[in-house]
Amino acid sequence: EQARRAAQLCRQRGIDIARVALSFAAAPPQFATTVVGSASAAYVARNVRWALESVDGDLLNEIEALVSPVLNTPWRIGRPETSDLRILDA
């Protein structure tokens with residue numbers, strides 16, 4: 001539900017949610033590098049261009065408020081019997 005509302009907000013503001021996601025992923029100063037996968041060279045060029053441009057801070061704040069109930073919630077990966085989320089606390 002939160003992701004749907006965030007996507008709707010981005011559409012209303014005329015910005016691609018992928019651009020917002022890239023900005024969000026690259027923003028934390030504690031990370032020197034952000035690795036983003038792309039399906040083509042054109043997407044790589046687009047992502048570099050987006051990474052060099054800033055996204056409206058008010059929009060980012062609104063999206064963060066929308067997703068706050070699930071922000072920093074780990075995704076379970078794999079089979080339940082082999083997925084130990086305690087490693088995330090290390």
Side-chain angles (χ1 to χ4, degrees):
E1 174 63 24
Q2 286 86 0
R4 186 178 59 75
R5 291 172 55 202
Q8 181 180 23
L9 180 60
C10 288
R11 278 192 301 278
Q12 290 171 348
R13 300 285 177 86
I15 187 168
D16 191 317
I17 195 168
R19 181 177 174 196
V20 175
L22 178 65
S23 177
F24 182 82
Q30 66 267 33
F31 302 125
T33 303
T34 300
V35 178
V36 178
S38 290
S40 70
Y43 286 149
V44 171
R46 179 203 65 187
N47 290 344
V48 169
R49 188 177 69 251
W50 282 353
L52 296 173
E53 300 170 355
S54 62
V55 174
D56 177 44
D58 290 337
L59 174 61
L60 292 176
N61 290 337
E62 286 182 61
I63 291 172
E64 190 165 340
L66 282 174
V67 301
S68 65
V70 295
L71 191 62
N72 297 321
T73 300
W75 290 9
R76 293 194 179 272
I77 299 172
R79 299 172 67 168
E81 62 270 20
T82 61
S83 181
D84 186 355
L85 293 178
R86 290 177 292 171
I87 63 170
L88 298 174
D89 294 330

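- Between D16 and W50, some side-chain heavy-atom pair lies under the 4.5 Å cut-off.
- Nearest heavy atoms, A65 versus P69: O-CD, 4.2 Å.
- Taking hydrophobic clusters as Ile, Leu, Val, Met, Phe, Trp and Tyr residues chained together by side-chain heavy-atom distances below 4.5 Å, L66 shares a cluster with V20.
- With values rounded to the nearest 0.5 angstrom, N47 atom CG is found 11.0 Å from L52 atom CG.
- Of all non-hydrogen atoms in A6 and I17, the two that sit nearest each other are C-CD1, 4.0 Å.
- Of all heavy-atom pairs between A25 and T34, the closest is O-OG1, 3.4 Å.
- How far CZ of R4 is from CD of Q8: 6.5 Å, rounded to the nearest 0.5 Å.
- If you take CD on E62 and CZ on R5, they are separated by 11.0 Å, rounding to the nearest 0.5 Å.
- Interatomic distance, R19 CZ to C10 SG, rounded to the nearest 0.5 Å: 10.5 Å.
- Transitive grouping of hydrophobic side chains (ILVMFWY, heavy atoms separated by less than 4.5 Å) brings V55 and L9 into a common cluster.
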